[in-house]
Amino acid sequence: MPELPEVEVTRLSFAERIRGAEVTGVRVGKPLRWPLGCEADALISQRVGTVSRRGKYLWIALDRGGLLLHLGMSGSLAFSDRNGAPGAHDHFDLVTSRGTLRLTDPRRFGAVVWSPSLEAGQAAKLLARLGVEPFDAVFDGAHLHRALRRRRVSIKQALLGGDIVVGAGNIYACEALFAAAIDPRTRSDRISRVRAAGLVDAIRTTLARAVEAGGSTLRDFRDAHGAAGAFQRHAAVYGRAGLPCPICSTAIRRIVQHARSTFYCPRCQRR
DNA sequence: AAGTGGACCTGCTAGC
DNA sequence: TGCTAGCAGGTCCACT
């Protein structure tokens, strides 16, 4: 479910409220992608520090180490001082003096992992292969062009890989390629430097607009207050197969690339 | 090093 | 109404 905008919207919705809270309890439900990596009780009585984001991961700093969270395909977080009994898909509760942070994740591709720091243990291992942040100054046309020169996979797959630039998943990769007028099947090493620069702008603009809109709510995305996002109403191509392109009215096409759906306008987007 | 395919798990919808 | 196939926002790992 969650790409960078949804993860960032989630972070913004609870980071300040949970900061400074004391952990008073931990409940672990069904197994997630990886084990917690520590005794749940070891978290009790620690103070929560800042909540930061790296790619689609959240890092919740504690007195000793912190928790690295990933929402997988179907995860969402709720932070409330009046949580009811856990439901069938509520697999992790961090109970604090300010309220309970609850992870709901039907498919359980998500994860909550304790690590001694971002630079050590499981967190370091998981973050090691991530590409640059899209809003980092080092991500520019030259940087992207240099990285793409070494790849022969399609530009769509290169963006989804997350090892060049993080944050754009299936929705926003489609939207950014539309905004940059690039055919998603184009081989990465055939993207000119000028077009790479245009793609950098498109990725940034697309992700920033989505954060402003509160993310996309295709099925069930909610921020930690329970608010839905609105970006899907702005989607030009994603999920719009057969509907008219907002620029030229040509029917949007759906194809499958590496087992993922890709949506694009066959007229506006060129190789 | 880069590319490919399979794996993880559950829920929903369209079609018969 | 009930069954099945196909699809879903991610990404790790083993293998070539």
Side-chain angles (χ1 to χ4, degrees), chain A residues 1-11 29-35 37 53-58 68-77 87-92 103-113 122-131 146-177 185 187-190 203 206-207 209-211 213-223 228-235 237-242 254-263:
Chain A
M1 151 203 359
E3 304 183 35
L4 183 149
E6 290 74 35
V7 175
E8 182 63 7
V9 165
T10 297
R11 185 185 76 82
K30 282 191 186 178
L32 293 163
R33 182 156 191 180
W34 295 290
R53 180 190 57 72
R54 175 75 176 96
K56 298 168 190 170
Y57 288 93
L58 289 177
L68 191 71
L69 275 72
H70 198 287
L71 301 180
M73 286 280 265
S74 58
S76 61
L77 289 172
H89 301 308
D90 298 333
H91 303 304
F92 183 82
L103 173 67
T104 302
D105 185 5
R107 292 177 74 179
R108 292 191 280 126
F109 291 169
V112 182
V113 176
Q122 180 82 335
K125 186 186 170 194
L126 291 171
L127 301 181
R129 52 172 293 283
L130 295 187
R146 210 178 309 124
L148 292 177
R149 259 187 341 209
R150 283 183 253 117
R151 304 295 184 89
R152 267 152 294 179
V153 293
S154 70
I155 183 62
K156 165 81 182 313
Q157 204 195 352
L159 293 182
L160 282 189
D163 49 348
I164 295 175
V165 60
V166 295
N170 210 30
I171 298 177
Y172 302 113
C174 289
E175 293 299 316
L177 287 167
R185 300 166 297 181
R187 260 175 60 156
S188 298
D189 58 357
R190 304 247 173 92
I203 291 167
T206 301
L207 294 176
R209 284 186 64 211
V211 172
S216 295
T217 301
L218 295 188
R219 288 170 186 76
D220 50 12
F221 173 71
R222 294 290 188 277
D223 70 16
F231 183 84
Q232 67 281 2
R233 290 202 292 272
H234 305 298
V237 290
Y238 187 84
R240 302 191 70 247
R254 173 186 179 271
I255 59 174
V256 175
Q257 292 181 289
H258 301 272
R260 312 291 308 270
S261 290
T262 296
F263 300 88

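Letters go in sequence order (proteins before strands), and every chain restarts at 1.
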Phosphate contact ([N] OP1 or OP2) by [X] side-chain N/O below 4.0 Å:
{"X": "A/His258", "N": "B/dG3", "result": "no"}
{"X": "A/Arg260", "N": "C/dG9", "result": "yes"}
{"X": "A/Lys125", "N": "C/dC13", "result": "yes"}
{"X": "A/Tyr238", "N": "C/dG9", "result": "yes"}
{"X": "A/His70", "N": "C/dT11", "result": "yes"}
{"X": "A/Ser261", "N": "C/dA8", "result": "yes"}
{"X": "A/Tyr57", "N": "C/dC12", "result": "yes"}
{"X": "A/Lys30", "N": "B/dT10", "result": "yes"}

Query raised in the report: Sub-3.5 Å donor-acceptor pair from the side chain of A/Glu175 to the main-chain atoms of A/Tyr238, do we have one?
Result: yes

Query raised in the report: Is there a donor-acceptor pair closer than 3.5 Å between any side-chain N or O of A/Gln122 and the backbone N or O of A/Val113?
Result: no

Query raised in the report: Does A/Leu126 or A/Phe263 map to a spot on DNA chain C nearer the 5' end, using the closest nucleotide for each?
Result: A/Phe263

Would you mind telling me which of [options] lies closest to the side-chain atoms of [X]?
{"X": "A/Trp34", "options": "B/dA2, C/dG10, C/dC12", "answer": "C/dC12"}
{"X": "A/Arg152", "options": "B/dG3, C/dG9, B/dT10", "answer": "B/dG3"}
{"X": "A/Pro2", "options": "B/dA2, C/dG10, B/dG11", "answer": "C/dG10"}
{"X": "A/Arg129", "options": "C/dC12, B/dT4, B/dA2", "answer": "C/dC12"}

Query raised in the report: What about A/Arg107: does its side chain form a donor-acceptor pair under 3.5 Å with the base of C/dA8?
Result: yes

Query raised in the report: Does C/dC15 have a Watson-Crick or wobble mate here (both distances under 3.5 Å), and if so which one?
Result: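 B/dG3 - that is the nucleotide pairing with C/dC15, both distances being under 3.5 Å.
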
**Report entry** Counter-base of C/dT1, judged by Watson-Crick or G-U geometry with both distances under 3.5 Å
**Finding:**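 Result: none.
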
Query raised in the report: Within a strict 4.5 Å, meaning less than it, do heavy atoms of the A/His70 and A/Arg33 side chains meet?
Result: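 A side-chain contact under 4.5 Å is absent here.
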
Query - Flag side-chain contact, heavy atom, 4.5 Å: A/Leu159 against A/Ile164 - result: no

Query raised in the report: With no hydrogens and no angle check, do the side chains of A/Ser76 and A/Arg222 hold a donor and an acceptor under 3.5 Å apart?
Result: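 Checked: A/Ser76/A/Arg222 side chains show no N/O donor-acceptor pair below 3.5 Å.
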
Requested in this report: Would you say whether A/Phe109 stacks on C/dT11? The test is a distance between ring centres of less than 5.5 Å and an angle between planes of less than 30°.
Outcome: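 A/Phe109 ring does not meet the centre or angle cut-off for C/dT11; no stack.
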
Query raised in the report: To the nearest Å, how far apart are A/Leu68 CG and C/dT11 P?
Result: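 These atoms are roughly 11 Å apart.
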
**Report entry** Pairwise C1' distance, C/dG9 and B/dG3 [rounded to whole Å]
**Finding:**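 About 24 Å, rounded to a whole number of Å.
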
Requested in this report: Quick one: label A/Arg33 by what it contacts on the DNA or RNA (base, sugar-phosphate, nothing), any heavy atom closer than 4.0 Å.
Outcome: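 Base contact - A/Arg33 has a heavy atom under 4.0 Å of at least one base atom.
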
